Amino acid sequence: PTVRQQSVFIENRVGQLLRLTRLFDQTDIRILAVSVVYSVDCAIVRMILDDPDRGYEVLTDAGFQVSETEMIVVSLPPGKRALLHTWAALLGGEINIHYTYPLLIQPKGCAAIAVLPDHIENAIKVLRERNFEVLDQQDLREGRIE
């Protein structure tokens, strides 16, 4: 159960993030999670969309350079130590995390985070063994915001 993330390379110019976001304004494609990583010459906008196939098409048709990565989305347990328990579970399985960011929606009524671990299959196994719910693309589609 993985989700596809689109990473879009944009120039460090005023208005580029708005230009990117507006591409989806005329579609029913929703941005479910977003993270922006700034560097000197460009920025990388990482997004999880509810329809990654159509999203990829919209982005490339607009001339953006896009790469895709499989990652996992974890539904966080209730309570103030949700992240602590999540990181402890992954550490217990000797799973390293490359990066993570929160979702803008609450699939299945719970907060969730996108995680890129060093070993996706092992991370899923470890999380499930510790009773975490790992969500897939369909779970995110069902949790759409209107």
Side-chain angles (χ1 to χ4, degrees), residues 1-91 93-124 126-127 132-146:
T2 60
V3 298
R4 283 177 24 218
Q5 167 193 267
Q6 270 90 18
S7 295
V8 183
F9 300 90
I10 62 174
E11 295 177 56
N12 279 342
R13 290 188 337 193
V14 173
Q16 289 301 298
L17 190 57
L18 177 61
R19 178 177 165 243
L20 174 70
T21 305
R22 276 192 177 150
L23 290 176
F24 300 107
D25 195 40
Q26 302 302 315
T27 72
D28 62 349
I29 301 167
R30 300 290 181 257
I31 299 172
L32 306 178
V34 63
S35 169
V36 179
V37 179
Y38 172 83
S39 69
V40 176
D41 296 329
C42 67
I44 300 171
V45 180
R46 295 178 174 134
M47 298 184 296
I48 296 175
L49 305 171
D50 65 347
D51 189 339
D53 291 328
R54 286 186 48 228
Y56 183 87
E57 189 176 304
V58 167
L59 292 165
T60 55
D61 286 352
F64 284 103
Q65 182 181 356
V66 183
S67 66
E68 291 189 323
T69 305
E70 294 288 323
M71 59 188 314
I72 61 174
V73 170
V74 181
S75 184
L76 294 176
K80 67 179 187 176
R81 293 189 172 93
L83 286 175
L84 175 73
H85 294 302
T86 305
W87 305 150
L90 291 168
L91 178 62
E94 298 183 6
I95 305 295
N96 290 315
I97 300 168
H98 295 293
Y99 57 83
T100 182
Y101 52 95
L103 271 68
L104 301 171
I105 62 167
Q106 292 186 338
K108 299 189 174 190
C110 296
I113 55 172
V115 179
L116 182 63
D118 58 353
H119 298 287
I120 288 179
E121 296 82 12
N122 292 347
I124 292 169
V126 164
L127 289 166
F132 284 86
E133 187 171 11
V134 180
L135 306 175
D136 62 17
Q137 200 74 49
Q138 184 61 36
D139 294 322
L140 299 185
R141 241 181 246 116
E142 292 168 359
R144 284 175 55 143
I145 51 178
E146 295 300 331

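This structure is a prediction, so every number in the text was calculated from the model and none was measured.
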- Task: Output yes when a side-chain donor or acceptor of Asp50 lies under 3.5 Å from a complementary backbone atom of Arg30, and no otherwise.
- Result: yes
- Note on the structure: Correct closest heavy-atom pair for Glu11 and Gln16 would be O-CG, 3.4 Å
- Message: Whether the side chain of Thr2 engages the backbone of Ile72 through a donor-acceptor N/O pair (distance < 3.5 Å, no angle test) should be reported.
- Response: no
- Task: Decide yes or no on side chain to side chain contact (heavy atoms under 4.5 Å, CB included) for Val45 and Val34, but give the supporting numbers first.
- Result: CA-CA 7 Å; Val45 180; Val34 63; 3.8 Å; yes
- Message: Donor-acceptor pair, distance only, cut-off 3.5 Å: does the side chain of Asp139 make one with the backbone of Asp136?
- Response: yes
- Derivation and outcome, side chain to side chain contact (heavy atoms under 4.5 Å, CB included), residues Leu116 and Thr100: CA-CA 6 Å; Leu116 182 63; Thr100 182; over 6 Å; no
- Ring-face cation of Arg46 near Tyr101 (centre distance under 6.0 Å, axis angle within 45°): no
- Item | Non-neighbouring partners of Asp53 that pass side-chain hydrogen bond (donor to acceptor under 3.5 Å, both in side chains), sequence neighbours left out | Arg4
- Task: May I ask you to check whether over 12 heavy atoms, not counting those of Gln65, lie within 6.0 Å of atom CD?
- Result: no
- Message: Is it true that, when you exclude Glu94 itself, more than 12 heavy atoms of the residues, nucleotides or ligands shown sit nearer than 6.0 Å to its CD?
- Response: no
- When rounded to the nearest 0.5 Å, the distance separating CG of Asn96 from CG of Asn122 is 11.5 Å
- Task: Could you tell me which non-hydrogen atom of Met71 sits nearest to which non-hydrogen atom of Ile48, and how far apart they are?
- Result: SD-CD1, 4.3 Å
- Heavy-atom check, side chain of Gln6 versus side chain of Phe64, under 4.5 Å: no
- Message: When you compare the side chain of Arg54 with that of Asp28, does any pair of heavy atoms fall below 4.5 Å?
- Response: yes
- Tell me, with the steps shown, if Val115 and Thr86 meet side chain to side chain contact (heavy atoms under 4.5 Å, CB included). CA-CA 11 Å; Val115 179; Thr86 305; 5.7 Å; no
- Task: Go through the steps to decide whether Arg19 and Ile10 satisfy the test side chain to side chain contact (heavy atoms under 4.5 Å, CB included), and finish with yes or no.
- Result: CA-CA 10 Å; Arg19 178 177 165 243; Ile10 62 174; over 6 Å; no
- Item | N/O donor-acceptor pair under 3.5 Å between Asn12 side chain and Ser39 backbone | yes
- Query: Is Phe132 close to Ile124 at the side-chain level, that is, under 4.5 Å between some pair of heavy atoms?
  - Reply: no
- Item | Where Leu76 and Ala82 come nearest, the two heavy atoms and their spacing | CB-CB, 4.0 Å
- Task: Look only at the side chain of Glu70 and the backbone of Pro1, and say whether a donor-acceptor pair between them is shorter than 3.5 Å.
- Result: no
